[in-house]
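Predicted model only: the values in this text are computed from it and were never measured. Order of the sequence lines sets the chain letters (A, B, ...), proteins ahead of strands, with each chain counted from 1.
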Amino acid sequence: MSDTKSTPDWSKDWQALQSQYWSAWSDATRQAQAQTQGQNPEAAVPWQQGLEQWSRMFGDSGKQNETAERVMASAKGYVALMQSMLATATGKNADVGPLQAWTEAMRGGFNLPDLDAALRNNPLAAMLRSIPGQGAQSFEQLSASFAPFLAQMKQDGMSWLQTPAFGYAREQQEHRQKAVVAFVEFQEAIKQYNALILKSSQRSFAIFEDKLAARSEPGRQIDSMRGLYDLWVDAAEEAYAEIALSEEFRKVYGSVVNAQMRVRSHVQQEVERIGTDLGMPTRTELNSVHKRLHELRRAGKASGGQDLAALQSEVVQLRAEVAALEKPQASAPKRTVPAKKKAVKTSKQKR
Amino acid sequence: MGPIKIDPQKALDEALRFNRKLAAGFQSLRSLDEVDYGATPKEEVYREDKLVVYRFKGKDKPTAKTPILIVYALVNRPYMVDLQDDRSLVKNLLAQGEDVYLIDWGYPDQSDRYLTLDDYINGFIDRCVDAVAKRHKLAKINLLGICQGGAFSLCYAATHQHKIRNLITMVTPVDFHTPDNMLSHWTRGMDVDLFVDTLGNVPADLMNWCYLTLKPVRLFQQKYIGLVDILDDKVELENFLRMEKWIFDSPDQAGEAFRQFIKDFYQANKLINGGLKIGDKDVSLKNVTMPILNIFAEQDHLVPPSASRPLKQHAGTKDYTELAFKGGHIGIYVSGRAQREVPSAIHDWLKARA
């Protein structure tokens, strides 16, 4: 931090500068909104809302919508971080040590006002959840596609979970019970995964403090908020790599994937059952057709190659035989045989 | 003296500048159309199912007598090698006089679910090699395998030595069990049979998610914060968008080939441990006897150099060359340094073995 002014002076300047900032921000917002909507904007907007306002105004970014959404999601988090860091820069967290103050500023900056309580102090989990758009789909998002089926199965399965299966619907009841058990296992696996992500987030702040401490020498100090943010990113990646390369993570990651596949498999079986009842073709049937088609093609290619080689070899052999037959004929006196008769004779010989 | 020397006035200016750039940037983002890719003219020379082999056409006729066939990975689209005019491995190879062909695998759908590694390696690649060799009336051609395509090329070269004159591998994993290989680490807890039996083909979006979570903070957030800096620079922005398009434009993976690749390569590490069989052919790196140029990227987080380097010990060739490129998995194709260093290194190496 610059040492040329005392904290109270900075505090006064901060208020002035903040006002100036809001003014500029509001002007820019007002101007853009007037252009796009022709309406009067709100007088002042908090930082997050301000960004969201931009997002709404430029909601349709044409062919680049997905990138725009990703930029906006990232910028929202970064702006919140800057706000938190600015508060520290002006000495608002003066009651704790400087390193802790900056770490707290980073930590606080990630806790956006509208953040799910389960994600507080867990920036990595929040980040993994916040990135929208096509092109990348997490295991949790993947399961959203079959959520309605799962909800129905859960409802049915829960009520039957403790009931012994019997009667004509026994198989169906057993299947739904297994599906619910698989879903409980999946939730448990996700819980363990999230715990490791939380551990990674917490570790990132410890590493961040260490990295900060190492930057005290003149020439290595951090003089911008971006510099501070980049340092935290280094710390966060280091922490994540420690966790992600651990044996525990491997096991938990495997559990998440395997448990989700079991749930998905149960849902697919249920959908197939319904499809069969309705006389619809199923995935299994299509797979069977595709598999046979591939086997046929492989067999065709393999035998095709053999046939070709055999035919080529036969042609070579026949040519040799013809050549051998032609030699004595060439030296023998010429005879003229009517073509038709020869053909008949050949035909009889064959019989 | 503390580690932080942030002037509040400057910090506020920084915040304001960021917001202004963001606001202006969104306007320029809106004004941009879909980005295109591909810099070099090309002609289709072979087609089979969804696969197409292209021959690239340079300004001048190639001087090299033996063509290069590029075998790209299945997990991404191959236009990364010819992304744009000033970022093109292909263009620079052509400029050196090389004759360049490329296999474009296309986008598999559910009807391709039962394609196996045998179909890809002993089937598709073999027929592509034959098609190119026939055009040039040659018995052998040069093969350039990239990433997973490099692993495929090694398998192919090990079992079809009589068809490959020189082998170039780029960012190719060979030892899948090095301690810094995060992707491999994660796959080892997976029940890949259950995975493929359930999903069929493996969705590209899920694959992308896995790649991005290798460096989640950098790739989910920091990259886009950095983008704000160039939002007002149309050329830079288009470069970014082109790359972004490539990253998220991934094909689904044919289920059976994926199953086998994960089991034999990632989980059992059979290229190193032995016992690899593709179709009815035993694959041993000891049978890769032609000259090899192995190029890897020193900052590669997807295929760490430690995964590529062991090729030297395990390949049967007596003519092995290694090139360690200062950059990452993507930078090896698109960075300025890559344009200067990689094509000329490949050309010089091939020329010495023509």
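Neither the backbone nor the side chain of B:D193 comes within contact range of chain A; no heavy atom of the residue lies under 4.5 Å from a heavy atom of that chain. Proximity to chain A involves both the backbone and the side chain of B:L115, based on heavy atoms less than 4.5 angstrom apart. The parts of B:Q222 that come within reach of chain A are both its backbone and its side chain, each placing non-hydrogen atoms under 4.5 angstrom from that chain. Interface residue B:V217: backbone and side-chain heavy atoms are both found under 4.5 Å from chain A. With a threshold of 4.5 angstrom between heavy atoms, B:D119 approaches chain A through side-chain atoms but not through N, CA, C or O. For A:E247, the parts lying near chain B are the backbone and the side chain together; criterion is any non-hydrogen pair under 4.5 Å. Proximity to chain A is absent for every atom of B:T187, based on heavy atoms less than 4.5 angstrom apart. Of the two parts of B:F240, only the side chain, counted from C-beta on, holds a non-hydrogen atom closer than 4.5 Å to a non-hydrogen atom of chain A. Neither the backbone nor the side chain of B:S250 has a heavy atom closer than 4.5 Å to any heavy atom of chain A. When heavy atoms are compared at a cutoff of 4.5 Å, A:L293 does not approach chain B at all. For B:D229, the part lying near chain A is the side chain, with the backbone staying farther off; criterion is any non-hydrogen pair under 4.5 Å. At a 4.5 Å heavy-atom cutoff, A:A214 makes no contact with chain B through either its backbone or its side chain. Looking at A:R283, the atoms closer than 4.5 Å to chain B (heavy atoms on both sides) all sit in the side chain, from C-beta outward.
Options A:R262, A:H290, A:R250 differ in how many heavy-atom pairs under 4.5 Å they form with chain B, and the most are formed by A:R250. Ranked by heavy-atom pairs shorter than 4.5 Å toward chain B, the options A:S204, A:G227, A:S246, A:A236 are led by A:S246. Counting heavy-atom pairs under 4.5 Å between each of B:K223, B:K245, B:R113, B:R188 and chain A puts B:R188 at the top. When A:M225, A:K251, A:Q268, A:R215 are compared by the number of non-hydrogen pairs under 4.5 Å with chain B, A:M225 comes out ahead. Your options are A:L228, A:V71, A:L286, A:T67, and the one with the most heavy-atom pairs under 4.5 Å with chain B is A:V71. When each of B:T198, B:L241, B:L194 is checked for heavy-atom pairs under 4.5 Å with chain A, B:T198 comes out on top. Ranked by heavy-atom pairs under 4.5 Å with chain B, the first of A:G254, A:S224, A:A213 is A:S224.
Once rounded to the nearest 0.5 Å, the distance linking OG of A:S216 with CD1 of B:I4 reads 9.0 Å. Atom CE of B:M190 sits about 7.5 Å away from atom CG of A:N258, to the nearest 0.5 Å. Separating the CZ atom in A:R70 from the OH atom in B:Y224 is a distance of 4.5 Å, to the nearest 0.5 Å. To the nearest 0.5 angstrom, B:H185 atom NE2 is 8.0 Å from A:F249 atom CZ. A distance of 13.5 Å separates CZ of B:F195 from OG of A:S265, quoted to the nearest 0.5 Å.
No salt bridge links A:R298 with B:D118; every basic N to acidic carboxylate O contact stays at or beyond 4.0 Å. For the pair B:R218 and A:D234, the salt-bridge criterion is met [side-chain N within less than 4.0 Å of a carboxylate O].
B:L22 has its side chain out of reach of A:Y78: every pair of non-hydrogen atoms, C-beta onward, lies at least 4.5 Å apart. Contact of the B:F18 side chain with the A:R226 side chain is registered, since non-hydrogen atoms from C-beta on lie closer than 4.5 Å. Here the side chains of B:I225 and A:Y229 are in contact, with some heavy-atom distance below 4.5 Å. Counting only heavy atoms from C-beta outward, the side chains of A:E237 and B:P216 approach each other to under 4.5 Å. Between A:H294 and B:E256 the shortest side-chain heavy-atom distance does not fall below 4.5 Å. When side chains are defined from C-beta on, A:K301 counts as touching B:R127, because their heavy atoms get closer than 4.5 Å. Residues A:L124 and B:F220 fail the side-chain proximity criterion, which asks for heavy atoms closer than 4.5 Å. B:K10 places none of its side-chain heavy atoms less than 4.5 Å from the side chain of A:D223.
Counted within 6.0 Å of CD on B:E298, heavy atoms from surrounding residues, nucleotides or ligands total more than 12; the atom is thus considered enclosed.
Ring geometry for B:W186 versus A:Y240: interplanar angle over 60°, hence perpendicular rather than tilted (30 to 60°).
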